[in-house]
*Asks:* 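Before I ask anything, let me first share the structure, which is written out below as structure tokens.
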Amino acid sequence: MIKSIGIVGAGTMGSGIAEVAALAGIATVLTDTSEPTLTAARERIAQSIKRAVGKKRVSASEAEEANARITLTPSLADLTACDLVVEAIIEDEQVKRDLFRQLDRMLAPHAILGSNTSSLSITALASATQRPDKVVGIHFFNPVPLMKLVEVVQGRHTSNDTALEAFELAQRLGKTAVLCKDTPGFIVNRIARPFYGEALRLLGEGVASAEQIDYIVKTEGGFKMGPFELMDLIGIDVNYAVTKSVYEQFAHEPRFRPHAIQKQMVDAGTLGRKAGRGFFDYAGAGPNPPKAQS
Amino acid sequence: MMEKHIWILGDSPLVEEYTALFVQHEFETRVRINPEGAVSRVPLGARQFVESEQITSAVLELTALSQETKRKNLVLLDDIVPFHIPILSASVTATVAEQASWLKYPSRLIGIGAFPTLLDSGTIELVQSPTTGNPARVAAEQLVAMLEMHVALVEDSVGLVMPRILCSLINEACFALAEQLAEPEDIDTAMKLGTNYPCGPFEWAERIGAKHVLAVMKALHRFYEEDRYRSAPLLQMAALRNMSLRKMNG
Ligand SMILES: NC(=O)c1ccc[n+]([C@@H]2O[C@H](COP(=O)([O-])OP(=O)(O)OC[C@H]3O[C@@H](n4cnc5c(N)ncnc54)[C@H](O)[C@@H]3O)[C@@H](O)[C@H]2O)c1
């Protein structure tokens, strides 16, 4: 039974994971190499919990207890006593391997090492440690407090016990966990590729405009968002990076080949909502409805 | 306004889906299900299609599985139906341009994105090929409006928009399932919760039918001549054995 959780990386994902862990009654230690990030994380978590109180999902006393359950620290050594440490640091294999090597030396032998990576191989990260059987992917979705899914990724050497513990932990955090094998993109980031890839090809071939494709996908297919709106929301650079990573890891399988339109948009800096412009124009007008680029 | 007479030919379950819609909108509906796809009788509220009776305002050719049958049906219709009557042909598995090349009066042919389950929604894709005349397009738009649905007019291409995206997702899920990435139910759950899809790929496949998904992938592969559209072996096996994809792994 996991009694305490350590989280490395207090950015978007790490602070979200800390929040749901603390709300589930688990002692949580959150660390980051950047002090301002830690301060910002404390504030972000408090605000998010406050909103949950406002929506009556959490009582005032639960909120207070949850905030008190989180220890923020710049020192990795403060995670030594944790039963499980999840890393949510920068998506860089070498940096993550170095971190796992360090944690492996520090932590108790029973402790589990989890990674929130979206695209790196769990098996490769595990090989940096002396406990590959205790390394597991625990892939949350953004925003963590709202998104119900956690992919529990079993690497080549991850033991069934470790996968089960991660699975049960995700459930304790109020999530729906699914177990999957360690392959590029896991489930969601892989199977969703054609949603964007075919939409881009339809656009590139002039079968329909971005606006029309989104309209069809929403009104004919019943999707909440069309592929172009969604790429704009995710960030075209982020979406392109995921596609490239899956493509490369699958040895250039043609089903995953990135589209030139996406690369050109990244080069042009039209990255989607965050840039004010992507497939649609967000400058000036409110976010809805987006106006198509000509 | 167009008279409410319609002829519908093709495969199950598309013929049943469209017939129900036309009958509900008080069309005098005549129907023929292709002999090889005859799993059901003439759908409720419709009458049998009679070749000698030539009164209709439009014809719907909904064959999606066999190119040969589709061609036969279209050539027959081209012969017996007056040349000014528009023919709307399900064009998910063949371009309108290709089908038009079979006809004496190609300008009356317009494509329709008829695909199982997609009729539950409010939008129908229509395909205007360079061969399609404007009168046929206008008539088709009128017909869709009479069904209280919206038109999305797209260019001539195999798979159109929604069937192409949907079938590619299901095909990818089939590759993943064959690799035992995860349980099919978990793949469905992950796509619904992780990226807000209204249905999981296997739930869709269940409703659409593996045969229809495979027909789209085969058509895309034939049209583009690209490996990208190779159909997953698991999908082929499920279609051949008429089995649920969810029961295909392990
Ligand atoms: N953002 C998403 O939508 C999303 C979704 C699922 C998974 N992920 C994955 O989660 C991880 C984190 O993503 P994010 O969006 O939260 O990033 P982020 O940039 O918001 O946060 C990363 C944090 O890690 C810190 N950090 C970097 N190196 C460190 C180190 N060696 N030790 C301690 N702290 C370090 C940084 O200071 C930063 O605060 C990545 O692996 C990413 O692939 C992201």
Side-chain angles (χ1 to χ4, degrees), chain A residues 139-142 147-154 175-199 201-203 205-209 211-227 230 234 250 253-257, chain B residues 113 115 117-125 127 149-150 152-173 175-177 179-183 185-201 204 220 224 226-230 232:
Chain A
H139 187 218
F140 290 84
F141 289 75
N142 185 23
M147 296 297 280
K148 280 272 164 230
L149 185 70
V150 171
E151 291 174 335
V152 172
V153 185
Q154 193 163 11
K175 303 298 178 194
T176 301
V178 292
L179 186 66
C180 69
K181 279 210 309 204
D182 183 23
T183 54
F186 312 132
I187 301 175
V188 174
N189 279 334
R190 169 182 179 175
I191 296 183
R193 295 294 22 102
F195 187 66
Y196 312 108
E198 291 308 312
R201 288 181 62 115
L202 284 161
L203 177 69
E205 290 165 15
V207 175
S209 68
E211 212 163 26
Q212 268 183 310
I213 294 168
D214 276 6
Y215 175 81
I216 290 169
V217 167
K218 286 190 286 184
T219 61
E220 193 181 345
F223 286 76
K224 288 201 185 73
M225 290 182 90
L230 194 50
I234 293 167
F250 270 111
E253 164 60 48
R255 298 198 306 279
F256 303 115
R257 192 192 307 129
Chain B
F115 194 63
T117 77
L118 291 183
L119 205 56
D120 303 345
S121 66
T123 299
I124 292 184
E125 290 175 60
V127 192
M149 294 184 72
H150 298 286
L153 195 64
V154 302
E155 296 295 321
D156 195 11
S157 165
V158 164
L160 310 186
V161 174
M162 204 60 240
R164 175 165 166 181
I165 292 176
L166 217 48
C167 294
S168 298
L169 283 171
I170 294 168
N171 194 44
E172 189 54 47
F175 276 112
L177 186 59
E179 293 162 22
Q180 305 197 326
L181 171 64
E183 293 296 323
E185 293 75 19
D186 285 346
I187 292 177
D188 280 346
T189 302
M191 298 317 288
K192 288 188 286 185
L193 298 183
T195 181
N196 268 327
Y197 285 2
C199 280
W204 256 310
L220 284 165
Y224 287 103
E226 275 189 77
D227 251 10
R228 180 184 177 85
Y229 298 109
R230 194 167 94 244

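Naming convention: chains lettered A, B, ... in sequence-line order (proteins, then strands); numbering from 1 in each chain.
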*Asks:* Nearest 0.5 Å please: distance from the CG atom of B:Leu193 over to the OG1 atom of A:Thr176.
*Replies:* 5.0 Å
*Asks:* Do A:Glu205 and B:Arg164 sit within salt-bridge range, that is, some charged N less than 4.0 Å from a carboxylate O?
*Replies:* yes
*Asks:* When the side chains of residues 190-197 of chain A are checked against the rest of the protein, which donor-acceptor pairs come out under 3.5 Å, sequence neighbours left out?
*Replies:*
from     : atom 1 : to       : atom 2 : distance (Å)
A:Arg190 : NE     : B:Glu172 : OE2    : 2.8
A:Arg190 : NH1    : B:Glu179 : OE1    : 2.8
A:Arg190 : NH2    : B:Glu172 : OE2    : 3.0
A:Arg190 : NH2    : B:Glu179 : OE1    : 3.4
A:Arg190 : NH2    : B:Glu179 : OE2    : 3.2
A:Arg193 : NE     : A:Thr243 : OG1    : 3.3
A:Arg193 : NH1    : A:Asn189 : O      : 2.8
A:Arg193 : NH2    : A:Thr243 : OG1    : 3.2

*Asks:* How long is the span from the OG1 atom in A:Thr183 to the CD atom in B:Gln180, to the nearest 0.5 Å?
*Replies:* 11.5 Å
*Asks:* Side chains of B:Glu125 and A:Ile216, heavy atoms from C-beta outward: is any pair under 4.5 Å?
*Replies:* yes
*Asks:* Heavy-atom cut-off 4.5 Å, strictly under: side chain, backbone, both or neither for B:Tyr229 against chain A?
*Replies:* side chain
*Asks:* Going by heavy atoms in the side chains, are A:Val178 and B:Ile187 under 4.5 Å from each other?
*Replies:* no
*Asks:* Below 4.5 Å from any heavy atom of chain A, which atoms of B:Phe115 appear? Answer side chain, backbone, both or neither.
*Replies:* neither
*Asks:* B:His150 and A:Thr219: side chain to side chain contact (heavy atoms under 4.5 Å, CB included), yes or no, with the steps?
*Replies:* CA-CA 9 Å; B:His150 298 286; A:Thr219 61; over 6 Å; no
*Asks:* Could you check which of A:Lys175, A:Arg257, A:Arg201 has the highest count of heavy-atom pairs closer than 4.5 Å to chain B?
*Replies:* A:Arg201
*Asks:* So which atom in B:Ala182 and which in A:Cys180 form the shortest heavy-atom distance, rounded to 0.1 Å?
*Replies:* CB-CB, 4.0 Å
*Asks:* To the nearest 0.5 angstrom, please state how far the CD atom of A:Glu198 sits from the OG atom of B:Ser168.
*Replies:* 4.0 Å
*Asks:* Is the shortest side-chain heavy-atom distance between A:Pro254 and B:Asp227 below 4.5 Å?
*Replies:* yes
*Asks:* Are A:Lys224 and B:Tyr197 packed together at the side-chain level, in the sense that at least one heavy-atom pair is separated by less than 4.5 angstrom?
*Replies:* no
*Asks:* Report which part of A:Phe140 has an atom under 4.5 Å of a heavy atom belonging to chain B: side chain, backbone, both, or neither.
*Replies:* neither
*Asks:* Quick check: do A:Met225 and B:Asn196 have side-chain heavy atoms less than 4.5 Å from each other?
*Replies:* no
*Asks:* By a 4.5 Å heavy-atom criterion (distance strictly below it), what part of B:Leu160 contacts chain A: side chain, backbone, both, or neither?
*Replies:* backbone
*Asks:* Taking atom OG1 of B:Thr189 and atom CD of A:Glu151, what is their separation to the nearest 0.5 Å?
*Replies:* 11.5 Å
*Asks:* Can any side-chain N or O of B:Glu155 pair as donor or acceptor with the backbone N or O of A:Ala208 at less than 3.5 Å?
*Replies:* no
*Asks:* So, taking the atom named CZ in A:Phe223 and the one named OG in B:Ser121, what distance separates them when rounded to the nearest 0.5 Å?
*Replies:* 12.0 Å
*Asks:* Should the pair A:Glu253-B:Arg230 be classified as a salt bridge under the 4.0 Å nitrogen-to-oxygen rule?
*Replies:* yes
*Asks:* Considering non-hydrogen atoms only, spot the tightest contact between B:Leu118 and A:Glu220 and give its length.
*Replies:* CD1-OE2, 3.3 Å
*Asks:* Any heavy-atom pair between the side chains of B:Arg228 and A:Phe256 that's under 4.5 Å?
*Replies:* no
*Asks:* Taking atom CG of A:Leu179 and atom CG of B:Leu181, what is their separation to the nearest 0.5 Å?
*Replies:* 9.5 Å
